[in-house]
Amino acid sequence: MSRLHIKIKEVKHPMALLVGNTGSLVAEVRRNGRFNGQHILSVSQFDKDAIAYVFDVAEEYHHDGKKVAALKPLQGYVLANLFYEPSTRTSSSFMAAMQRLGGTVIPINEVKYSSVSKGESLPDTVRTLEAYADVVVLRHYETGAAALAAKYAHKPIINAGDGIGEHPTQALLDLFTILRERGTIDGLTITMLGDLKYGRTVHSLAKLASLFNVKLNYVSPDSLRMPAELISQIGVPQTELTDLHDVLAETDVLYVTRIQKERFTDEAHYDAVKNSYVITTETMAQAKPTMTLMHPFPRVGEIHIDVDSDPRAAYFRQIEYGMYVRMALLAMVVGKA
Ligand code: CP
């Protein structure tokens with residue numbers, strides 16, 4: 001068992017870590033059924049209390065996985081997984097989450113084999129699937145697609161990534177990972193690295209993390225900077241850089257992202273920036289001994305495989321935490337958390 005795993009076991013109840021004395025809050029949100037019947041489209045829907053509630057439920061599922069599986073709280077419920085873009089983690093973790101809660105899944109992981117390839121619109125596809133399912137998880141290549149689907153849907157829509165817009169469930173699992181790995185979010189310096197222009201995970205994470213007392217560093221090629229409009233919405237200290245080494249030594253959490261070839265219209269531009277940053281064992285040697293290294297994955301070379309055995313590399317734990325967070329979100333939107 002790694003040093004970090006030992007630390008994870010010592011983390012207190014997430015709710016208590018985030019909002020202090022929480023007994024009455026837990027009882028209140030349970031009575032009200034927080035997020036029951038609601039869409040999850042953006043991290044803007046989450047304040048600190050809501051985050052703490054999600055984490056509290058996720059933590060229960062993490063620690064009492066077998067008990068929860070036996071209870072089957074979502075037995076009889078159906079999830080429609082509707083993915084217009086490729087996915088491994090988001091798609092599989094939502095499927096695993098639903099199955100672990102006792103529910104079943106309609107998997108549309110490749111829309112070209114659905115009637116979308118005959119020209120069926122997103123609203124019609126969603127209205128069809130909600131006739132069979134209790135919740136629809138949607139990934140789409142267009143920013144705003146989840147919000148459009150939600151306008152037509154009568155069942156909860158969960159945004160699983162909309163173009164270069166947002167990836168709210170990823171941001172929640174990222175923050176959950178930070179909390180479990182570090183035991184706190186306040187006081188941390190979080191450095192985001194790579195494609196910050198097109199990276200929906202960093203767009204959502206920057207907004208969500210800024211609810212806490214953090215410092216954010218954005219390290220990217222000049223042409224892939226964090227959107228200025230997003231920076232203007234964030235009220236914590238932020239610094240933009242091109243050289244990771246300028247902030248590596250002060251970084252508590254290094255969040256690496258892929259340069260996303262599929263977002264570029266100009267291949268020469270992609271070729272010019274694709275190898276801008278590679279985290280190696282040498283990079284790790286210059287980082288804090290306590291630093292947490294994260295990546296939403298897939299990675300295509302930005303973290304060398306030799307780094308995987310470093311206990312600071314949290315990305316495979318991050319992947320597992322994602323399933324518990326998504327179990328919590330599914331249970332919450334159908335009113336069974
Ligand atoms: N992090 C993430 O969204 O991964 P997938 O594209 O594999 O779902």
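Index from 1, following the sequence. Atoms within each ligand, like the ligands themselves, are counted from 1 in listed order. Because the structure is a prediction, the values reported are computed rather than measured.
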Answer yes or no: are there more than 12 heavy-atom neighbours, outside R258 itself, under 6.0 Å from its atom CZ?
-> yes
Would you please name every residue forming a side-chain contact (heavy atoms from CB on, under 4.5 Å) with L248, sequence neighbours left out?
->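 Expected list: L244, H245, L254, T283, Q286, A287, M291.
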For a distance cut-off of 3.5 Å, show me each N or O of ligand 1 paired with any protein N or O, plus the separation.
unit_1   : atom_1 : unit_2 : atom_2 : d
ligand 1 : 1 (N)  : Q170   : OE1    : 3.0
ligand 1 : 1 (N)  : P296   : O      : 2.9
ligand 1 : 1 (N)  : F297   : O      : 3.1
ligand 1 : 3 (O)  : T90    : OG1    : 3.0
ligand 1 : 3 (O)  : R139   : NH2    : 2.9
ligand 1 : 3 (O)  : H167   : NE2    : 3.0
ligand 1 : 4 (O)  : R89    : NE     : 3.2
ligand 1 : 4 (O)  : F297   : O      : 3.3
ligand 1 : 6 (O)  : R139   : NH1    : 2.9
ligand 1 : 7 (O)  : T88    : N      : 2.8
ligand 1 : 7 (O)  : R89    : N      : 3.0
ligand 1 : 7 (O)  : R89    : NE     : 3.2
ligand 1 : 7 (O)  : R89    : NH2    : 3.0
ligand 1 : 8 (O)  : S87    : OG     : 2.6
ligand 1 : 8 (O)  : T90    : N      : 2.9
ligand 1 : 8 (O)  : T90    : OG1    : 2.7
ligand 1 : 8 (O)  : R139   : NH1    : 3.4
ligand 1 : 8 (O)  : R139   : NH2    : 3.3

With sequence neighbours left out, write down each residue that passes ring pair (Phe, Tyr, Trp, His ring centres under 6.0 Å) with Y324, or none if nothing qualifies.
-> H62
Hey, could you give me each pair passing ring pair (Phe, Tyr, Trp, His ring centres under 6.0 Å) that has a residue in residues 101-153? Not counting sequence neighbours.
->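 Non-adjacent pairs meeting ring pair (Phe, Tyr, Trp, His ring centres under 6.0 Å): Y84-H140.
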Ignoring hydrogens and angles, state whether a donor on the side chain of K118 or S115 is under 3.5 Å from an acceptor on the partner side chain.
-> yes
T292 side chain near D252 side chain, heavy-atom distance below 4.5 Å | no
